[in-house]
Every structure is written in C-alpha cells, then in structure tokens.
Amino acid sequence: MMKTIFHTYKFRLKPNSEQKILLAKHFGCARFVFNHFLAERQEEYKNEGKSSNYYTQQARLAELKKGEYEWLKEVNSQTLQVALRNMDTAYQNFFKKKSGFPNFKSKKSKNTFSVPQNCSVDEYKIYIPKFREGIAYFKDRKVKGVVKSMTLSLTPSGKYFVSILTEHQYEPIAKTGKVVGIDLGLKDFVITSDGEKYKNNRFLTKYQNKLAIAQKHLSRKQKGSNNFEKQRVKVARLYEKVSNARKDYLHKVSLDLVRNYDIVCLEDLNVKGMMKNHRLARQISDVAWGEFVGMLTYKADLNDKEIVKIDRFYPSSKTCHNCGYVKKDLKLSDRKWVCPECGANLDRDVNAAMNILSAGLADYTCGVSVIPEMVGDYEARTPLIH
C-alpha cells in the first residue's frame, strides 16, 4: 500500500568561482545571524532574567538589514529567517531540558544554510534564490516527488553538498513473515539469531596510521599559513573517507535486516555509558552502534516493520537459550561455552541473539517481560519462546 513520505536526496555540488563567493556569503550571513541573536539572548537573560522571543528578534533582524549590517541584503532573506528560527529552537530546547545550551557556530566546522521555499531541481542544476543560473550537481539518481526545501553545506574538506527534501508516494518493502534477534558486538558487528554474522570492518583502525602521520605533519605547520590549510584539508578528507565508508556499511546492513525480517529484536544499549570505558571507547565509537540503531529504526518505521528493544540488563550472553540456565561466571573472553545443565555447545554471540529474540517476542506479543531478576529462582521465569 502506497503512503506519503518525506525523503531527502543528497548530491555533491560543483559551483563555479562566482557561485562559491556567493555561497560563502550565505554561509557567513547565516552563521552571523545565529551567533548575533544567541549572544543577544544571553546578554538579556544575564541582565534581566528573561530574553526576547523569535518574533521580537525577527523585527530586529529587519532593522539590522536597514542599518549597520546592510550587507545582509546580499543573501536570501528567508535563509536568514531559518537561521534565526534554528537558533530559537535550540535555545528553547535547552530550557525544556531536551538538549544542552546551543554552541556558537564556527566557520572552521561544517557550514550550512537552508532555503525553505522557491527552490527547484532539474536534470543538471538546482535553483535557489540569488542563484538565477542554477548550480550544477553530480546526479547519481532521479529526484522523485515535490521539492519542499533545500539545505546547502560545505564540509571541512572543501566539498559542497545539497540535501533536497521531497514529498512523494512510497511503497513499503514486502512483508516476509520472519523475525530475528540481533546482538551487537565488537568482534563481529551484528550477530543474528539465525547464526549470520556481519563483520566489524574497523574503519578507523584501518586508517589509523595514515591519520597519525597526517596529524603529525599538520602539527608542524604554522597556523594560518597556506601549507597549514592544505594539510588541514588532507586530514579532513581522511576523516571524511572513514565516515563515508562507515555510513555506507551501516546503511547496507540495516537495509538488509529490514528487507529480510518483519520484527527485529535488540538490546537497549547504553552506548554513552559504555564509552566511559577508555579501553574500548575507540572501538565502540568506530563501530557506531547508536548510528546503526537510528538507521535501523527509521528504515523499519518507513517500511512498516517493528523494532523491539529489550532491557539492557537482561543476561542474554549468560543464559542458555536451550534450558534457561544462567552461567554467572561467564567472562568476556569466553567466546564459546558448554551449558553444565543441558550440555549444549553455545556460541556466545549467537546464543545472546537467540535469547534477545525470545525476550523481544515475549514483550511484543503479550507484553510480558521475560527479564529475570539478577538473583533468585531463574526456573520460575517466563519460558523462552522457540
């Protein structure tokens, strides 16, 4: 059954020299508006205990364009309003305790600006206000649906991109009638209850030596010099390569799971807490569990599939999926073990995935938790589903 969705297409842009100058003005003006009015709110709150709202500052923005900061007129006015709205949202979220206090934007990080309307795309170019001739882009697929807005960005490596938000009709992936439990690990990235394993490619480790050499060369350059900027771009491109390779792999694995299964059960991992383990922090960061779960979740929702998360304290690795015996002294180094109760030979990760599937299905089908108490009579817990 078709349904209406919002979808984003991302393409790399190839602006000419004049367009790069105008793009730089848009990035700079959007950044200026964000920082100027954030600083204004900080000062007002410090002196008066309260600060202006979006509409008051919107009026002040119009005054700035007529007076001291007349150069703001050189860019699309709606882009400046979006920057102000983004600042207001970030500021309000802080007081609603949804996020931390917004940071001031720096031109050294990723530069962005948005165009909320009056934008379009054809086979060769994108069109936004102030760019009448259009900006050429590298097309690798057709843009479907009605274009709603665009966001242009400049990465630290010097590449220009556009994200095009569209609204169109989408047909979800067909149902398979299959369910699966997955265990996320470091030795192997994803282990399924069917025994399939997706390897951990360790992208950051793969480029670690190249990054170390590039960073060392960068540290020897004089800041602000042309050689420093050239080397900074080289470092940024290496990090970008690692990030792109990782995202590509995460997309492929998450899509494969959504295509093959209707229900995916997994543990609700505390990734932020696990990152405090300094011995494993780099590996956990490299494997990107949080980003993967986010991809898996939105793809499942898009295709009317289900993601079931079980309690992170459920002893999935220590519990025998065959008889329910809990081996309390199981070590992290024990990749395989034999159940002393029923004699089953267990692969640590596959066994965990099978237990996660059982627990997830129990929660999903009848709302009954199968998570046993950490102490007590394990034989009295809810039976596992096979």
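A salt bridge between E229 and R232 is present, with a side-chain N of the basic residue lying under 4.0 Å from a carboxylate O of the acidic one. By the 4.0 Å N-to-carboxylate-O rule, R335 lies close enough to D349 to be salt-bridged with it. K3 has a carboxylate O that lies under 4.0 Å from a charged side-chain N of D304, or vice versa, which qualifies the two as a salt bridge. With respect to R12 and E240, no salt bridge is recorded, no charged nitrogen being found less than 4.0 Å from a carboxylate O. Ion pairing between D347 and K336 fails under the 4.0 Å rule for side-chain N and carboxylate O. Between K252 and D256 no salt bridge is recorded (no basic side-chain N to carboxylate O distance below 4.0 Å).
The shortest distance between side-chain heavy atoms of Y160 and Q19 does not fall below 4.5 Å. Taking the side chain as every heavy atom from C-beta outward, K142 and Y9 never approach each other to under 4.5 Å. Counting heavy atoms from C-beta outward, I173 and L255 have side chains that approach closer than 4.5 Å. The side-chain heavy atoms of V115 and P129, taken from C-beta on, include a pair separated by under 4.5 Å. Between K25 and K130 there is no side-chain heavy-atom pair separated by less than 4.5 Å.
For Q169 and T4, the side-chain atoms include at least one donor-acceptor pair closer than 3.5 Å. T89 and N86 share no donor-acceptor pair across their side chains, judged by distance under 3.5 Å alone.
Aromatic ring centroids of F27 and F113 lie under 6.0 Å apart. If you look at Y91 and F95, their ring centroids are closer than 6.0 Å. Here the two rings, on F189 and Y198, have centers that are 6.0 Å apart or farther.
In this structure, Y124 places its OH atom where only 12 or fewer heavy-atom neighbours from other residues, nucleotides or ligands lie under 6.0 Å away. More than 12 heavy-atom neighbours from other residues, nucleotides or ligands sit within 6.0 angstrom of NZ on K197. Heavy atoms from other residues, nucleotides or ligands lying under 6.0 Å from NZ of K187 number 12 at most. Within a 6.0 Å sphere centred on CZ of R132, other residues, nucleotides and ligands contribute 12 heavy atoms or fewer. Crowding of K221 atom NZ: a count of heavy atoms from other residues, nucleotides or ligands under 6.0 Å exceeding 12. Around atom CG of N226, no more than 12 heavy atoms belonging to other residues, nucleotides or ligands sit under 6.0 Å away. Atom CZ of F104 has more than 12 heavy atoms from other residues, nucleotides or ligands within 6.0 Å. When the shell of 6.0 Å around CD of E18 is examined, it contains 12 or fewer heavy atoms from other residues, nucleotides or ligands.
For K139, the side chain to side chain donor-acceptor pair (under 3.5 Å) criterion is met by E123, not counting sequence neighbours.
Between the CG atom of N351 and the CD1 atom of I356 there is a distance of 9.5 Å, given to the nearest 0.5 Å. Taken from OG in S52 to CD in E44, the straight-line distance is 3.5 Å, to the nearest 0.5 Å.
The two residues T192 and A353 have their closest heavy-atom pair at C-CB, 3.6 Å.
Remark: K305 fails to qualify as a cation-pi partner of Y261 under the 6.0 Å distance and 45° angle criteria applied to the six-membered ring. Note that R246 lies outside the cation-pi zone of F292, set by a 6.0 Å cut-off to the ring centre and a 45° limit from the axis.
M150 pairs in a side-chain contact (heavy atoms from CB on, under 4.5 Å) with only one of the listed residues (I164, L165, N118), which is I164.
Note on ring orientation: taking the six-membered ring where Trp is involved, the planes of Y69 and F32 are tilted (angle from 30° to 60°).
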Only pairs under 3.5 Å count here: list side-chain donor-acceptor contacts from residues 202-216, not counting sequence neighbours, and write none if there are none.
residue : atom : partner : partner atom : Å
R202    : NH1  : N200    : O            : 3.4
R202    : NH2  : L186    : O            : 3.0
Q215    : NE2  : Y239    : OH           : 3.4

